[in-house]
Every structure is written in C-alpha cells, then in structure tokens.
Protein chains: 2
Amino acid sequence: MKKVTLKDIAAHFGVSISTVSKAINDSYEISNDLKLKIQAYAKEKHYKPNRLALNLLNKSTKTIGVVVPNILNYFFVQVLYGIEKVANESGYNIISCISNESSAKETKTLEFFDAGTVDGVIMSLAEESQNEDKHEALLDVINNDIPVVLFDRVSDNVQCDKVVVDDLEAGYKITKYLINIGCKNIAVVNPISSSSVGKLRLLGYKKALEEFDIPFDPKLIINLTIKDDLDLLMSFLLNYKTIEGIIGIDELIAVQVLQVVKARGYNVPNDISIIGFTNGQLSKYVTPSLTMVSQHGKYIGEQTAKLLINRIKNPGLPYETKTVKTSLLVRDSTKKVE
Amino acid sequence: MKKVTLKDIAAHFGVSISTVSKAINDSYEISNDLKLKIQAYAKEKHYKPNRLALNLLNKSTKTIGVVVPNILNYFFVQVLYGIEKVANESGYNIISCISNESSAKETKTLEFFDAGTVDGVIMSLAEESQNEDKHEALLDVINNDIPVVLFDRVSDNVQCDKVVVDDLEAGYKITKYLINIGCKNIAVVNPISSSSVGKLRLLGYKKALEEFDIPFDPKLIINLTIKDDLDLLMSFLLNYKTIEGIIGIDELIAVQVLQVVKARGYNVPNDISIIGFTNGQLSKYVTPSLTMVSQHGKYIGEQTAKLLINRIKNPGLPYETKTVKTSLLVRDSTKKVE
DNA sequence: CTGAAAGCGCTAACAA
DNA sequence: TTGTTAGCGCTTTCAG
C-alpha cells in the first residue's frame, strides 16, 4: 500500500483537498460531521502528512544536522547525548553523521545539510580539515544563513558560535599535577597533534614546565598517527631517559600506553604515572584504572544545542564562544602525593 | 545572505526559471553563451538545488534511516560503520538515531522516517520494544511501502527482511568450550534477558548443558538491569557454589564481572574463566584480556544495507533472513586446554 | 461550511 | 533556443 495523501482522501469522499486538510487539522471551518468522518478514515488509512512537503512550505525542517569526527571516541558520544537531549526537549530531531576524520566526507555531509535538509548544524572539525584549515563547505553553509555551532575542534577562520574545552588550562593543570607528585621527566603521547585540541593541550604542558623552570625537551613528545608503531616509539622513549610521567592526549592512546608500559615491566603508578584525556569506559576498567581529564561531554553537547537553537530563533545576535572547564578525575594510575 | 533559488537567478538575468534550471543542468537546449553566464553566476552565488524540492518531486530521498538501541555498545557502532560504507558506495546518505532502548523514542523516530524523509529503514529493536512485542509504528512504516530491514534484535511478528546473528549457536559453542576446558558450574550474567538476543544465547547455553548431561540450575543465571547492584548479585552467586566459568552476555557486563571477580580475590582464568559477547575495545585492554564472541558487526551492517538497497530497487521480492555466524576469539580470560 | 487558487523550489513535457 | 504549464503534497488566504 502506497502512502496515503490528502488527495486520496479527498477523492474517497468526493471533497476538495483543502477541505480534507482543514478537517485533519481540526479547523473550526469544517462541519463536525465531515470532520469526524475524515479523521476516522485518515486514522484508519494511517495518514501522515508528508514532511518534505511541510518542510518545503514552512522553510523549516525542525531538524539539526550533527557532524562528529569519530564515534569510537567516548567524548563525542557523550556530546551527542547532550545534543540529543536538548534538541528533543525543544522539538528538534537530530541527524548525525560521522566524518571519520576525513575532510571529504565532512564536505559531502555539509553539502547535504546545506541543501535545505536541516535548520542548523553542529560540528566538530575532522582532523584533516583542521590541518588544511580550509572550510569552504562550512562557509557556504554559514553564507546560506544556516546557523552553525562548532564545538571542541574549531577554527579561528570560521565566524560562528563555538563551544570549546579549556584544553590549554587542562594541559597545564595535569602537567602541574604530575610535577607535584614528583615526576621530573614527563612525556606526551599525541595521536591528534595537528588538531587544535592536541596543540592546546601541549601548550598547556609547556606552560607548566616553564613555570617550574623545567626545560622543554622535544624528544619527550611523541606525535603519531594510527599507522605508527606505538610499541617501537615507546621503546625509544623509555630508553632515552627515565620517564616518571606520561600524558596520553586521548583515552585510547592512554590505555595503549599503559599496556605497553606494563608489558615492558614498569609499574604504574610507582615507576611511571599516566594521565589521559576523556573520561570514558576504557580508562575506568583498565588495570590500574587511569587518572583522566573529564571534559564534561554531555554538558558541552547541551550547551552547543542550546546555543544553536537560540540562534535559529534569534538570528543576528553577535557570535558567542563558550569555554567549558575540565576536571581531573584521580584514579590509580598516578602516584599519590606523599 | 539567504539561500539563492532558481527564481532569484532567473530574475537576475530576466529569463524564465526553467531556462535557468536547464542551464544549470547543462541541457543541450540552452545556448552556450547563456549557459556559461548562468553557471558562472550560480557558482558565484553558491547556488545549490533544494533537496526538499527535489525529493518531493522524485519521491525519493536517497537516504536511509537507521535506528540503533545503544551507541555505547561497540557492536552497534561496528554495524553502523558497515551500513555507512555500503550506503555511501551506493549513493545513499544515512541518518542515524539512537532509541536508547526506549520504545517511545523508537516510535518517534519511526514516525519521522515514515513521513517521507527516508527511502528505507534499518533498525535493531529497543529492548523495551522487544519486551512488549508491539510494533505499530514499524508496521505503519512497512505498510506505507517503505522497505525495512531489521538486524540483530528482531521480531517474528514483523514481516520484513532480517539479518540476524546465530546467537543460539554462539551460546551453545561457548558453553561447550567452557565445559571442554573443565568448567563444571557455568554461570550466565545477562543484562539483556528480555531481548531475543539474550534469550537465544541462553538457549544455546542450555542446549550445551543438555548435551553433556549437566542439569540446568536457574540459580546460576543472573538477569539484571542497570539499576541492579552487580556486586551484590555476584556475591550471592559466588557464595552459592564454586563457579568455574562465567558467560557475560554483552561486552560491558563481561568486563564488569571480571572486575568484581578479581576484586573478590579470584584468579582469572585459573579459578574462573570468563567469556563475553562482542569484540570491542574494552575486552581487549582489560587485564586479563577477555575471550570474546565476535559477531562481525561490520559485516552485518554491510549485509543489512545491501539487503535494504536491493529491496528499494526491487520491491516485491520475497522476504529474506540472513544468519551470520559468530567466531570465538580466545584470549587470556579462559583457561587453556591441558 | 466548502472550494478554488496560489505558492514553497524544482523538473520535464510540451509549445512557441 | 527559450518559455509555459503542470505537478510533487501540503497549507492558507480568499471567494462562494
């Protein structure tokens, strides 16, 4: 059975389409008798107004498009939850797409959104896009008056609302923490070294070192991609110097570093303390459980959605950037202060 | 700047809308001269055809709606990857929604899809929906001639294409495996006891017991919800009898069981062997790494998407149910065979 | 109380 | 080579 339309119902009753439309929308203009008959028939036939037609008419879709780089990253999952919560409360649907860190995929998705399918866009840049720092598709969207809110991985070259994590402060805070529990040589393992987030965390790290007059040693920084052999890189690192602390720039890398370090016979946290970013499931169940930086993903999602919906309703306000502070979740992978 | 339409461009050149449409679509009917001018202007103004209008016209959206119950479950994430891969290859966009195991949310999403927004639907039932086994919204979708493919968590009361995991066989296989490595009392911890998947796995478990003439002891089966206190339930279990093997019905529960068991002083795998379902990140990095059943989520996603796209193209074929076999991934949480 | 007509943005058959 | 018209499914004036 094909979808029933107003036309079909009108034909069935021998009345006009507009009469049916009014009857179904319970207009006072239609006689109770007809209204009841039409409504009953519509229910029976499972009539449902065609959204496409509605959207075309209203120039509004009541849906928000979301682009996240990587769904395996717990942080983004949490943000998604937050977005969905607020969106649903405000009567918006969300359609989520994964760019998978690819700028081509990101562009494709944005073009899809730009063609009238959504009322607004929420996005965190793919790493590749941050590298290139070209954002034509995104600028097109903004240019077409479709509100955009960027979160977490943002660009200074795009003018729009933003919600960011205070990553510099976080990097600074945890480095200080490690120094305070007695770590002298602190390494950083960074799988997202070219993203704004990765850079800021490193900047925070440097700032803390400076404050304690510890010279910055580039050999302690491991930037890697998925293709690199972590085990090998770690072996260089561990043979280079006595390392007392390691910062993993995301959750997965922190867990992997922990594995390698353990496999090489080091005790965590007695020999080496480890801190990672993102408070997800992995870090919690690993042995020892990892001390992590929580970015409050769900809260970020909520703020992002609120910002977007607010802008959809009141265009023309000046752009806003919200900064969300992180918290440190101390668990068993860091030495206790004596 | 509001979105540019054909009308705007037509007005700018003082030609008709259809001329502009043809020019932009590079029709041979239009003079080269005009075509070039119009195309240049369109590009300059970032013209993009309105998808809503197109979709309405073509009665096709080239998008697939996906509903998954829980994005924190690695299995579903993998399925999503598989779906997305095949869909993209065939020129389909996907819009994914999370039902969060709630049947109300599921219904809302299905109604959204049912209103002409997608060409087909891929779904795995929310646990609540499987409990109630009412699927009105879903039947409405099918009734409206929108193809549906159900995967993993399916219902016999819904007639459509399906892709399922051979969960009975998997439950059977791993129980036999545990028996063969010497486990006598094997417990099952089941957080999805009311889902088809959970039931089938338990059935496989029973089948294996029968085969080995081991009497089924309901006290060894722990059905629980998120609200239940796993630690407490496990303490009852472990005090009840000497347990040599535990089956965790999903990944997270297997990991949590491992934690509890370790915390209570048992050695895994020497005292107790543990097997879980779903080969995700967690089970890999936990200590000891967990022996798991892999359901080949990505492959399932691919098959599901293929089935759906095939049905969109050829409606009227008889419904099909594909069964995908699992594999056992032996790691360190199960005793080695002597 | 009911219907005709316009229009959302677009394409395609058909005229000119 | 260009324009007119109709129509996708719907709502909303404005007439009847």
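Sequence lines set the chain letters: A, B, ... in the order given, protein chains first and strands last, and positions in each chain run from 1.
- Look at K2(A) and D8(A) and you find no salt bridge, because none of the NZ, NE, NH1 or NH2 atoms lies under 4.0 Å from a carboxylate O.
- Note on S21(B): a side-chain N or O is less than 4.0 Å away from OP1 or OP2 of dT11(C).
- Between the C1' atom of dG7(C) and the CG atom of L57(B) lies a distance of 15 Å, rounded to the nearest Å.
- N50(B) has no side-chain polar atom (N or O) that falls below the 4.0 Å cut-off from OP1 or OP2 of dC8(C).
- Taking the side chain of L54(B) as heavy atoms from C-beta on, and the options dT11(C), dC8(D), dG9(C), the nearest nucleotide is dT11(C).
- Side-chain nitrogen and oxygen atoms of K59(B) include at least one within less than 4.0 Å of the OP1 or OP2 phosphate oxygen of dG9(D).
- T61(A) places no side-chain N or O within donor-acceptor distance of the main-chain N or O of N55(A), the cut-off being under 3.5 Å.
- A donor-acceptor contact closer than 3.5 angstrom links the side chains of S194(B) and E127(B).
- One atom, CG of L56(A), and another, P of dG7(D), lie 17 Å apart when rounded to the nearest Å.
- Put simply, the residue from I64(A), L307(A), V121(A), N310(A) that forms a side chain to side chain contact (heavy atoms under 4.5 Å, CB included) with V149(A) is L307(A).
- Using a 4.0 Å heavy-atom distance criterion, T5(A) is classed as a sugar-phosphate-only contact.
- If you measure from atom CG of N55(B) to atom P of dT11(C), you get 12 Å, rounded to the nearest angstrom.
- Distance CG (D26(B)) to P (dT1(D)): 13 Å, rounded to an integer number of Å.
- When the P atom of dC14(D) is taken as reference, atom CD1 of I17(A) falls 21 Å away, rounded to whole Å.
- The aromatic rings of H12(B) and Y41(B) sit parallel, their planes meeting at an angle under 30°, below the 60° perpendicular limit.
- Using a 4.0 Å heavy-atom distance criterion, N58(B) is classed as making no nucleic acid contact.
- Checking Q39(A) against D26(A) by side-chain atom types alone, a donor-acceptor pair falls below 3.5 Å.
- As a whole-Å value, the separation of L6(A) CG from dG7(D) P is 17 Å.
- The nearest whole Å value for the distance from the CG atom in D33(B) to the P atom in dT2(D) is 8 Å.
- In this structure, K48(A) atom NZ and dT11(D) atom C1' are separated by 20 Å, rounded to whole Å.
- Look at E101(A) and R153(A) and you find a salt bridge, because one of the NZ, NE, NH1 or NH2 atoms lies within 4.0 Å of a carboxylate O, short of that distance.
- Y47(B) comes within 4.0 angstrom of sugar-phosphate atoms only, judged by non-hydrogen atoms across all strands, and of no base.
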Could you pull out the protein-nucleic contacts involving nucleotides 2-6 of chain C (nitrogen or oxygen on both sides, under 3.5 Å)?
{"unit_1": "dT2(C)", "atom_1": "OP2", "unit_2": "S31(A)", "atom_2": "N", "d": "3.0"}
{"unit_1": "dT2(C)", "atom_1": "OP2", "unit_2": "S31(A)", "atom_2": "OG", "d": "3.1"}
{"unit_1": "dT2(C)", "atom_1": "O4", "unit_2": "E29(A)", "atom_2": "OE1", "d": "3.0"}
{"unit_1": "dG3(C)", "atom_1": "OP2", "unit_2": "S16(A)", "atom_2": "N", "d": "3.1"}
{"unit_1": "dG3(C)", "atom_1": "OP2", "unit_2": "T19(A)", "atom_2": "OG1", "d": "2.5"}
{"unit_1": "dG3(C)", "atom_1": "O6", "unit_2": "K22(A)", "atom_2": "NZ", "d": "2.1"}
{"unit_1": "dA4(C)", "atom_1": "N6", "unit_2": "S18(A)", "atom_2": "OG", "d": "3.2"}

